[in-house]
Enquirer: 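Sharing a structure below in structure tokens format, with a few things to ask.
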Amino acid sequence: MALDNAWRTRKQRTVAWLDISNAFGSVPHRHIFSTLHELGLPDGIIDLVRELYHGCTMTVRTTDRETAEISIRSGVRQGCPLSPIVLNLAMELLLRAMAVGPGGLDLYGQKLSVLAYADDFVLLAPDATQLQQVLDVTSEVARWMGLCFNVAKCASLHIDGR
């Protein structure tokens, strides 16, 4: 009888795993600077980051010639120790949008709705309807930020407690 009661108290849950395509290379510089401002970083710090990204160019060298300089307007600097921090700060508005939605699970009295590591996210919701609402908001904010999801690396799971 105790097992039967425990089985009936199980709840449904939904989870979505999301991966941003080429996150380190695709975050527009304009978004980085506006996010730093939105987060309230001092102008001196924002100016320092802006200086790191100002005038970034690249060329392509072939066996017989090199192209003209190509301006780089998105992505964080490869190999720069500041780049992971800049990327995390740039992703903050997306994380906030994910966390504000109706989803989330109660974990010891705290609402847990999103887990994040660099460009990988896990969304948690009590049911498929609420997960879809959070996914819709997430998609809209990502589009506004100029980001795309790598569909091949995204997945969802619906756990029905029955």
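Remember, it's a predicted structure, so these values are computed and weren't measured experimentally.
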Enquirer: Would you confirm whether Thr14, through its side chain, and Asp127, through its main-chain N or O, come within 3.5 Å as a donor-acceptor pair?
Expert: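 Present.
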Enquirer: Contact between His31 and Leu93 at the side-chain level, heavy atoms closer than 4.5 Å - yes or no?
Expert: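 Of all side-chain heavy-atom pairs linking Leu93 with His31, at least one is under 4.5 Å.
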Enquirer: List the atom of Ala97, the atom of Val141, and the distance in Å for their closest heavy-atom pair.
Expert: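 Here Ala97 and Val141 meet closest at CB-CG2, 3.6 Å.
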Enquirer: Could you tell me the separation between the OG1 atom of Thr138 and the CD atom of Gln132, rounded to the nearest 0.5 Å?
Expert: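 The OG1 atom of Thr138 sits 10.0 Å away from the CD atom of Gln132.
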Enquirer: Which heavy atom of Ile72 sits nearest a heavy atom of His29, and at what distance?
Expert: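 Scanning both residues, the minimum pair turns out to be O-CE1, 3.3 Å.
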Enquirer: Closest approach of Ser74 and Ser26, non-hydrogen atoms and distance?
Expert: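 Looks like CB-O, 3.8 Å.
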Enquirer: Going by the side chain to side chain contact (heavy atoms under 4.5 Å, CB included) test, name the single residue among Lys111, Gln110, Arg13 that passes it with Leu105.
Expert: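 For Leu105, the side chain to side chain contact (heavy atoms under 4.5 Å, CB included) check succeeds only for Arg13.
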Enquirer: Return each pair, listed once, that meets salt bridge (Lys or Arg N to Asp or Glu O under 4.0 Å) where at least one residue sits in residues 132-143; pairs must be two or more places apart or across chains.
Expert: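 Sorted pair list: Glu140-Arg143.
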Enquirer: For the NZ atom of Lys153 and the CG atom of Asp119, what is their distance to the nearest 0.5 Å?
Expert: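 Going from NZ on Lys153 over to CG on Asp119, the span is 7.5 Å.
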Enquirer: Give a yes or no on this: more than 12 heavy atoms of other residues, nucleotides or ligands lie within 6.0 Å of atom NE2 of His158.
Expert: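 Check passes, neighbour count above 12.
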Enquirer: Return the CZ to CZ distance between Arg73 and Arg30, rounded to the nearest 0.5 Å.
Expert: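 Atom-to-atom, Arg73:CZ and Arg30:CZ are 11.0 Å apart.
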Enquirer: At their closest point, which heavy atom of Val114 faces which heavy atom of Ala99, and how far apart are they?
Expert: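 Smallest interatomic distance, heavy atoms only, reads CG1-CB, 4.3 Å.
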Enquirer: Pair up each side-chain donor or acceptor in residues 18-25 with any protein partner under 3.5 Å, not counting sequence neighbours, and list the distances.
Expert:
{"unit_1": "Ser21", "atom_1": "OG", "unit_2": "Asn150", "atom_2": "N", "d": "3.1"}
{"unit_1": "Asn22", "atom_1": "OD1", "unit_2": "Gly25", "atom_2": "N", "d": "3.4"}

Enquirer: Rounded to the nearest 0.5 Å, how far apart are CH2 of Trp17 and SG of Cys154?
Expert: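 So the gap between those two atoms works out to 11.5 Å.
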Enquirer: For Leu131 and Leu123, work out which heavy atoms get closest and say how close.
Expert: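 Answer, listing the atom of Leu131 first, then Leu123: CD1-CB, 3.9 Å.
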Enquirer: Assess the residue pair Ile32 and Val76 against the criterion (side chain to side chain contact (heavy atoms under 4.5 Å, CB included)); give the C-alpha distance rounded to whole Å, side-chain angles, the decisive distance to 0.1 Å, and a yes or no.
Expert: CA-CA 9 Å; Ile32 292 171; Val76 294; 4.2 Å; yes
Enquirer: Roughly how far, to the nearest 0.5 Å, is the CD1 atom of Ile70 from the OG1 atom of Thr57?
Expert: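 Spacing of OG1 (Thr57) from CD1 (Ile70) equals 9.0 Å.
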Enquirer: For the residue pair Leu135 and Ala16, what are the closest heavy atoms and their distance?
Expert: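 Leu135 and Ala16 have their closest heavy atoms at CD2-CB, 4.2 Å.
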Enquirer: Let me check something: any side-chain donor-acceptor pairs from residues 39-55 under 3.5 Å, sequence neighbours excluded? List them with distances.
Expert:
{"unit_1": "Tyr53", "atom_1": "OH", "unit_2": "Arg77", "atom_2": "N", "d": "3.3"}

Enquirer: How long is the gap from CG on Leu107 to OG on Ser113, to the nearest 0.5 Å?
Expert: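 Rounded to the nearest 0.5 Å, the CG-OG separation comes to 11.5 Å.
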Enquirer: If you draw a 6.0 Å radius around CD in Glu38, do more than 12 non-hydrogen atoms from other residues or ligands fall strictly inside?
Expert: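 No, not enclosed.
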Enquirer: Applying a strict under-4.5 Å side-chain criterion to I, L, V, M, F, W and Y, I'd like to know whether Leu157 and Leu115 cluster together.
Expert: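 Leu157 clusters together with Leu115.
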